[in-house]
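Reading through the structure tokens given below for one structure.
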Amino acid sequence: MSGIEAAGLALGIISAIISIIDTTHQVYEAVKDKAGLPTNFKKSATKLPLISKLLEDAERYVKAADEATEIAFTSTLEDCKAQATQLQELFEKVMPEEGESRWDRYVKAARTIGKGGRVENLVKGVLDNLQLLATRFPEVTTLRTKEQLAKAVEEVTKMEPSLPDGFEQMPVYAHYGSGAQNNNTGSGIQHNNSGTSHQNSGPGIMVFGNILRVCKIRSTACKNLSSMTIIVQTLASRAIDDAYSLENV
């Protein structure tokens, strides 16, 4: 590969990445309602302007660099472009307000990427590649920008995982109604109570207050009826005896 070809390739990749990052940032900025958006999307979006600045610095550097430098840039830039492309796809799938919840769309989009599909991982991947270039070629950017880059890498590294471990195998449940959705992905018993009443669960006999009260009332009524029956039977027996006595007089 000639120096002109290497420079052209490197500059072409840098230009493509700048376009990808700018589009990703525009997608994020266009969203008016960011409710339900995972926190790490908001944090990651703040790193996009710095990434664009570093790429612009790299573009200026490559234009004046020698052939060996241009070739050295290419492999790192290709990896950077791949991660930037996945980042753009993630933002484009998650940002829209209509349709499924943003969380469900995020899980689905991340699963198509695989284990490195978390938004913070993709941003860190881009930043790491740019930091590698800045380390190997110190003149690619200013000292101040390098400090900002180091701080950005540190902040992204400290982010809490936006998706649990094993998310790439995690099932996704879509819910389009207005009621609650209860899913049990484990092996235990799931008890759901979406209302305002009490939920009772456990072994043994379960006694409910109102039912017990009704049973007591019915039991009392039954006892009263039994007593009345005995009284009636007794009175009837006495009446028969009296009548018999009168006949014999």
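No hydrogens, no waters, no symmetry mates; every other heavy atom, side chains included, goes into these values. Bear in mind that the values here come from a model prediction, so they are computed numbers and not experimental data.
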Measure from the side-chain N and O atoms of [X] to the backbone N and O of [Y], and report whether any donor-acceptor pair falls under 3.5 Å.
X: Arg105; Y: Glu100; value: yes
X: Asn40; Y: Glu160; value: yes
X: Asp79; Y: Ser75; value: no

From [X] [atom1] over to [Y] [atom2], what is the distance, rounded to the nearest 0.5 angstrom?
X: Ser19; Y: Leu55; atom1: OG; atom2: CG; result: 11.0 Å
X: Arg136; Y: Thr76; atom1: CZ; atom2: OG1; result: 5.5 Å
X: Glu147; Y: Thr142; atom1: CD; atom2: OG1; result: 8.5 Å
X: Ile51; Y: Leu127; atom1: CD1; atom2: CG; result: 4.5 Å
X: Thr46; Y: His25; atom1: OG1; atom2: NE2; result: 8.5 Å
X: Ile21; Y: Lys53; atom1: CD1; atom2: NZ; result: 15.5 Å

Do [X] and [Y] come within less than 4.5 Å of each other through their side chains, counting heavy atoms only?
X: Thr85; Y: Glu89; result: yes
X: Ile113; Y: Leu122; result: yes
X: Leu37; Y: Met95; result: yes
X: Val119; Y: Pro38; result: no
X: Asp128; Y: Val153; result: yes
X: Glu92; Y: Gln88; result: yes
X: Lys34; Y: Lys42; result: yes
X: Glu56; Y: Ile14; result: no

Quick one: closest heavy-atom pair of [X] and [Y], and the distance?
X: Gly116; Y: Asn121; answer: O-CB, 3.7 Å
X: Ala84; Y: Val126; answer: N-CG2, 3.9 Å
X: Glu120; Y: Tyr106; answer: OE1-OH, 4.0 Å
X: Ala110; Y: Gly117; answer: CB-O, 3.5 Å
X: Ala134; Y: Val140; answer: CA-CG1, 3.5 Å
X: Ala10; Y: Thr74; answer: CB-OG1, 4.2 Å

Please answer: with hydrophobic residues joined when any side-chain heavy atoms are less than 4.5 Å apart, are [X] and [Y] in the same cluster?
X: Leu48; Y: Val156; result: yes
X: Val94; Y: Val123; result: yes
X: Ile20; Y: Val62; result: no
X: Leu54; Y: Tyr61; result: yes

Practice item. Take Leu90 and Gln86, measure what side-chain contact (heavy atoms from CB on, under 4.5 Å) needs, and give me the verdict at the end. Key: CA-CA 6 Å; Leu90 208 60; Gln86 292 175 331; over 6 Å; no
**Study point:** Polar side chain donor-acceptor pair, Thr69 to Asp66, under 3.5 angstrom
**Key:** yes
Exercise for review: State whether a side-chain donor-acceptor pair under 3.5 Å links Ser15 with Glu59.
Suggested key: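 Checked: Ser15/Glu59 side chains show no N/O donor-acceptor pair below 3.5 Å.
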Practice item. Indicate the ring-plane relationship of Phe137 and Phe73, choosing parallel, tilted or perpendicular according to the 30° and 60° boundaries. Key: tilted
Review point. Relative to each other, are the rings of Tyr28 and Phe91 parallel, tilted or perpendicular (30° and 60° limits)?
Key: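 The arrangement is perpendicular - the two ring planes meet at more than 60°.
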**Study point:** Criterion side-chain contact (heavy atoms from CB on, under 4.5 Å) on Trp103 and Leu163, from CA distance to verdict
**Key:** CA-CA 10 Å; Trp103 170 259; Leu163 292 172; 3.4 Å; yes
Exercise for review: Walk me through it: do Arg118 and Asp165 pass the test salt bridge (Lys or Arg N to Asp or Glu O under 4.0 Å)?
Suggested key: CA-CA 10 Å; Arg118 294 187 181 99; Asp165 291 338; 3.1 Å; yes
Any carboxylate oxygen within less than 4.0 angstrom of a Lys/Arg side-chain nitrogen, looking at [X] and [Y]?
X: Asp33; Y: Arg102; result: no
X: Glu154; Y: Lys158; result: yes
X: Lys108; Y: Asp104; result: no

Practice item. Dump the intermediate steps for side-chain contact (heavy atoms from CB on, under 4.5 Å) on Thr145 and Leu50, then the final yes or no. Key: CA-CA 8 Å; Thr145 304; Leu50 175 61; 4.2 Å; yes
Exercise for review: Step by step, work out the side-chain contact (heavy atoms from CB on, under 4.5 Å) result for Lys124 and Ser44.
Suggested key: CA-CA 9 Å; Lys124 186 176 183 300; Ser44 297; over 6 Å; no
